[in-house]
Amino acid sequence: MLTAIATAVRDRESLRFDYRARDGAEGRRTAEPHRLVSSGRRWYLVAWDTGRRDWRTFRVDRMRLRTPNGPRFTPREPPGGDLTRYVSEQISIHPYRYHGRFTVHAPADVVATRMPPTVAAVEPATDDTCVLRAGSNSLDELAAWVAQLGAAFEVHEPPELIEHVRALGTRLLDAARWTPRPGPKVPDRYTADPPRDSGRSAGGKPSDAAEQ
């Protein structure tokens with residue numbers, strides 16, 4: 001598959017293929033292939049979609065090529081200057097409801113080790129800060145992703161995320177200040193013997209269950 005696509009890029013031949021979109025819908029596409037880009041563990045094709053008359057990013061493992069190839073084409077100017085960054089934005093930001101932008105007070109190369117291109121786009125701002133952009137369908141998920149980096153950060157957009165983080169911070173501070181009342185003392189006879197292993201973890205799942 002990669003060899004066939006790379007050959008079409010080299011020879012400037014249009015590709016005809018069936019494609020399965022993110023939502024599972026399948027359709028036939030015709031595109032002018034520009035470049036293959038590797039991101040994470042997947043390959044993506046950056047191409048001009050002739051039917052939609054716009055640049056698109058296609059996951060190669062969702063493509064099923066049709067033969068023969070389409071007509072030759074004259075290459076167009078690619079979107080942006082950095083195609084790796086372009087692909088990162090297309091797969092980690094644009095498909096989602098919320099598009100977050102943050103300033104993280106840590107070097108870009110350090111943050112990039114925690115946030116791969118398939119999760120977020122990371123660009124250096126200064127030697128000690130970087131701009132992180134990520135997408136999600138959940139404001140809680142966006143806030144949690146950035147908070148788990150362990151570095152100070154500022155939220156720039158979207159506006160609803162700024163308010164959401166303020167409310168979340170208030171709840172967390174309230175939780176830290178809360179002191180539970182002491183409960184009744186448990187009689188010794190209930191704690192003398194350890195409970196038998198029921199085959200489940202503390203969270204109630206089987207102890208050998210595979211994580212999703």
Side-chain angles (χ1 to χ4, degrees), residues 1-102 108 111-112 115-124 130-143 145-146 155-161 164 212:
M1 175 73 81
L2 291 174
T3 300
I5 294 174
T7 301
V9 171
R10 181 198 65 193
D11 296 341
R12 301 177 181 177
E13 292 182 346
S14 301
L15 286 174
R16 302 182 308 115
F17 54 94
D18 296 319
Y19 190 71
R20 177 170 51 84
R22 178 187 295 269
D23 60 3
E26 297 192 8
R28 187 172 300 179
R29 314 289 277 271
T30 300
E32 300 172 358
H34 181 77
R35 186 180 299 176
L36 284 165
V37 177
S38 176
S39 184
R41 297 183 179 182
R42 295 192 175 100
W43 283 93
Y44 297 86
L45 170 66
V46 178
W48 175 266
D49 190 316
T50 59
R52 291 159 175 78
R53 301 194 61 78
D54 198 3
W55 289 96
R56 289 290 189 271
T57 301
F58 300 100
R59 254 179 60 175
V60 171
D61 61 308
R62 291 176 176 170
M63 297 172 61
R64 188 167 65 252
L65 296 180
R66 290 178 170 268
T67 55
N69 291 340
R72 294 174 66 89
F73 62 90
T74 300
R76 302 170 188 268
E77 188 67 23
D82 186 341
L83 285 184
T84 300
R85 184 177 66 183
Y86 172 79
V87 169
S88 175
E89 293 173 352
Q90 294 300 308
I91 63 181
S92 67
I93 302 173
H94 296 303
Y96 298 98
R97 178 181 178 183
Y98 300 110
H99 301 168
R101 183 170 64 89
F102 311 83
V111 174
M115 291 283 189
T118 53
V119 174
V122 180
E123 302 174 20
C130 62
V131 175
L132 183 148
R133 290 180 298 137
S136 177
N137 292 326
S138 164
L139 292 175
D140 280 326
E141 192 170 57
L142 267 179
W145 274 348
V146 182
V155 184
H156 301 298
E157 56 186 39
E160 55 265 45
L161 178 59
H164 193 80
Q212 297 297 318

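This is a predicted model, so every value here is computed, not measured.
Side-chain contact between Glu89 and His94: present, with at least one pair of heavy atoms (C-beta onward) separated by less than 4.5 Å. Using a 4.5 Å heavy-atom cutoff, the side chains of Val60 and Arg42 are not in contact. Considering only heavy atoms from C-beta on, Arg29 stays 4.5 Å or farther from Leu15 through its side chain. In this structure, Pro78 and Val46 have side chains that are not in contact, with every pair of non-hydrogen atoms separated by 4.5 Å or more. Residues Val146 and Val155 have side chains not in contact (no heavy-atom distance under 4.5 Å, counting atoms from C-beta outward). By the 4.5 Å heavy-atom criterion applied to side chains, Ile5 and Met63 are counted as neighbours.
Note that OH of Tyr44 and CZ of Arg62 are 7.5 Å apart. Values are rounded to the nearest 0.5 Å. Taking CG of Leu139 as the start and NE2 of His164 as the end, the distance is 5.0 Å to the nearest 0.5 Å. Atom CD of residue Glu157 and atom CZ of residue Phe102 lie 9.5 Å apart, to the nearest 0.5 angstrom. In this structure, the separation between NE2 on His99 and CG on Leu142 is 9.5 Å, given to the nearest 0.5 Å. From Glu13, atom CD reaches atom OG1 of Thr7 across 9.0 Å, with rounding to the nearest 0.5 Å. Annotation: the span from Asp54 atom CG to Trp48 atom CH2 amounts to 5.5 Å, rounded to 0.5 Å.
In terms of modelled atom types and a separation under 3.5 Å, the side chain of Thr50 and the main chain of Thr30 share a donor-acceptor contact. At distances below 3.5 Å, at least one donor-acceptor pair connects side-chain atoms of Ser88 with backbone N or O atoms of Pro117.
Of all non-hydrogen atoms in Arg72 and Asp11, the two that sit nearest each other are NH1-O, 2.8 Å. A pairwise comparison of heavy atoms in Val9 and Arg35 identifies CG2-N, 4.4 Å as the closest pair. Heavy-atom minimum distance, Ile91 versus Arg22: O-NH2, 3.8 Å. Residues Gly100 and Pro158 come closest through the heavy atom pair CA-CD, 3.9 Å. Closest non-hydrogen pair, Phe58 versus Ala31, comes out as CE1-CB, 4.2 Å. Arg16 approaches Gly70 most closely through the heavy-atom pair CG-N, 4.3 Å.
Remark: His34 engages Trp55 in a ring-ring contact (aromatic ring centres under 6.0 Å, His included) (not counting sequence neighbours). The salt bridge (charged side-chain N to carboxylate O under 4.0 Å, His left out) search around Arg52 returns Asp49, not counting sequence neighbours. For the salt bridge (charged side-chain N to carboxylate O under 4.0 Å, His left out) test, no residue two or more places apart in sequence or in another chain qualifies with Arg20.
Comment: Arg66 engages Asp18 in a salt bridge, judged by a side-chain N to carboxylate O separation of less than 4.0 angstrom.
Within 6.0 Å of atom CZ in Arg76, more than 12 heavy atoms from other residues, nucleotides or ligands are found, so the atom counts as buried in its surroundings.
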Fill in: CA sep, side-chain torsions, deciding dist, call: Leu161, Tyr98, side chain to side chain contact (heavy atoms under 4.5 Å, CB included)
CA-CA 9 Å; Leu161 178 59; Tyr98 300 110; over 6 Å; no

Discussion item. One pair to check against side-chain hydrogen bond (donor to acceptor under 3.5 Å, both in side chains): Glu141 and Ser136. What are the steps and the verdict?
Written reply: CA-CA 7 Å; Glu141 192 170 57; Ser136 177; 2.6 Å; yes

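Across Arg28, Arg64, Arg59, a single residue satisfies side chain to side chain contact (heavy atoms under 4.5 Å, CB included) together with Tyr19, and that is Arg59.
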